[in-house]
Amino acid sequence: MAKKQRLDKAIAMQGSLSRSEVKTLIRKGAVTVNGQVVKNADFGVDFDSDTVAVQGKELSLSMHIYLMLNKPKGVVSASEDKKLPTVVDLIPKELWRKGLFPAGRLDKDTTGFVLITDDGEFAHDILSPKKHISKTYHALVNGTITDEMVEGFAKGVTIGEDFTLPASLKKISSEEQGDWGEVILKEGMYHQIKRMFGAYGLKVLELKRVQMGKLPLDPNLEEGKCRELTAEELRLVSTRDKSTEE
């Protein structure tokens with residue numbers, strides 16, 4: 001853990017109170033550190049070893065927050081938008097904190113796993129093409145997924161002026177509208193899966209991200225809901241899936 005944080009900043013970082021509100025509470029003696037009232041806003045606290053309480057309620061101190069959101073359709077992957085609701089708008093007050101943003105984007109009509117955090121370094125790390133952290137999707141297309149497509153995805157697909165990295169494709173089920181396929185990508189070009197299937201004359205009717213790295217979307221997490229990731233889940237998000245590598 002880095003050096004100690006000022007008491008007022010440490011509390012404000014948790015998101016529920018502004019810095020000025022925290023300072024007022026500290027002056028009023030409403031904040032304790034390890035059971036002792038502290039009225040000094042610049043008192044240093046260690047996130048690993050100190051216990052901080054505000055008005056008798058113990059805080060779970062963390063430098064950053066990492067959230068799994070099950071994104072519904074019609075919501076944009078952004079911190080703010082003048083016309084449409086964003087993934088950050090869906091974060092409940094108890095989990096909200098300043099600086100939240102989605103680590104990577106899903107199209108407005110794509111559903112599923114979005115990781116939301118205030119940790120820019122972590123987000124950059126898992127999104128870097130050099131890291132090859134895989135993203136797994138389930139796609140419903142308006143036709144049949146053929147062996148030719150599976151082989152083509154594995155070699156890389158020409159989409160416009162771009163050529164994709166090799167991707168994994170397998171058929172997982174069929175219904176009246178067409179086939180469901182599982183696609184595993186190691187990059188995130190604009191509308192990539194739609195364009196890859198489009199190269200074979202198919203249209204994507206439904207698209208859902210079901211896994212990031214080795215961490216699957218929580219099947220019990222309803223659309224529009226989110227929850228905090230555990231330390232082990234955070235490790236799985238940033239773990240490469242070597243089974244998809246050549």
Side-chain angles (χ1 to χ4, degrees), residues 1-71 75 77-81 85-104 113-128 131 133 212-215 217-218 220-222 224-239:
M1 175 60 66
K3 62 181 182 180
K4 291 185 176 184
Q5 291 285 341
R6 285 175 56 106
L7 179 59
D8 58 344
K9 182 178 180 181
I11 296 172
M13 283 173 66
Q14 310 314 306
S16 59
L17 297 167
S18 69
R19 193 85 170 259
S20 61
E21 289 173 331
V22 172
K23 287 182 177 180
T24 298
L25 288 169
I26 290 173
R27 286 196 300 269
K28 291 181 176 180
V31 175
T32 62
V33 179
N34 300 325
Q36 301 298 314
V37 174
V38 175
K39 294 187 177 182
N40 210 350
D42 62 3
F43 183 86
V45 293
D46 186 314
F47 280 35
D48 287 336
S49 60
D50 289 333
T51 300
V52 176
V54 177
Q55 294 179 315
K57 183 179 180 181
E58 186 176 321
L59 301 181
S60 178
L61 295 179
S62 60
M63 288 292 292
H64 296 289
I65 194 167
Y66 308 90
L67 305 172
M68 173 190 289
L69 171 74
N70 188 353
K71 177 189 167 306
V75 176
S77 295
S79 298
E80 57 182 64
D81 189 277
T86 73
V87 291
V88 172
D89 292 334
L90 298 178
I91 307 303
K93 182 179 179 181
E94 63 269 20
L95 293 175
W96 188 90
R97 60 167 66 188
K98 186 177 179 180
L100 286 175
F101 65 94
F113 192 166
V114 174
L115 192 151
I116 298 177
T117 184
D118 59 349
D119 188 344
E121 184 176 346
F122 176 81
H124 179 270
D125 193 47
I126 65 170
L127 296 174
S128 171
K131 294 290 184 178
I133 302 299
M212 294 183 70
K214 288 191 173 182
L215 179 64
L217 177 66
D218 185 342
N220 297 315
L221 191 63
E222 299 177 7
K225 302 296 184 181
C226 71
R227 67 166 177 80
E228 202 164 352
L229 295 181
T230 66
E232 173 60 14
E233 288 175 331
L234 199 59
R235 185 189 68 79
L236 290 173
V237 165
S238 56
T239 300

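Model, not experiment: these values are computed from the prediction.
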Between [X] (side chain only) and [Y] (backbone N and O only), is there a donor and an acceptor less than 3.5 Å apart?
X	Y	result
T86	S77	no
S79	L100	yes
D125	E121	no
N70	K225	no
Q14	S62	yes

Do [X] and [Y] make a side-chain contact, defined as non-hydrogen atoms from C-beta onward lying under 4.5 Å apart?
X	Y	value
L229	L115	yes
K98	R19	no
F101	T117	yes
K28	Q55	no
V88	W96	yes
L215	M68	yes

Closest heavy-atom contact between [X] and [Y]?
X	Y	value
L95	I65	O-CD1, 3.5 Å
E228	L67	CA-CD2, 3.8 Å
I133	S238	CD1-O, 3.4 Å
L127	G104	CD1-N, 3.5 Å
F47	M13	CZ-SD, 4.2 Å
C226	I91	SG-CD1, 3.8 Å

Nearest 0.5 Å, what's the [atom1]-[atom2] distance between [X] and [Y]?
X	Y	atom1	atom2	value
D50	L59	CG	CG	12.0 Å
D46	K4	CG	NZ	6.0 Å
T230	E232	OG1	CD	6.5 Å
L236	M212	CG	CE	12.5 Å
N40	I26	CG	CD1	8.5 Å
R227	L221	CZ	CG	6.5 Å

Take atom [atom1] in [X]; do more than 12 heavy atoms of anything else shown fall under 6.0 Å from it?
X	atom1	result
H64	NE2	yes
E80	CD	no
Q36	CD	no

> What residues form a ring pair (Phe, Tyr, Trp, His ring centres under 6.0 Å) with F122, not counting sequence neighbours?
Replying inline: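 F122 satisfies ring pair (Phe, Tyr, Trp, His ring centres under 6.0 Å) with Y66 once adjacent residues are dropped.
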
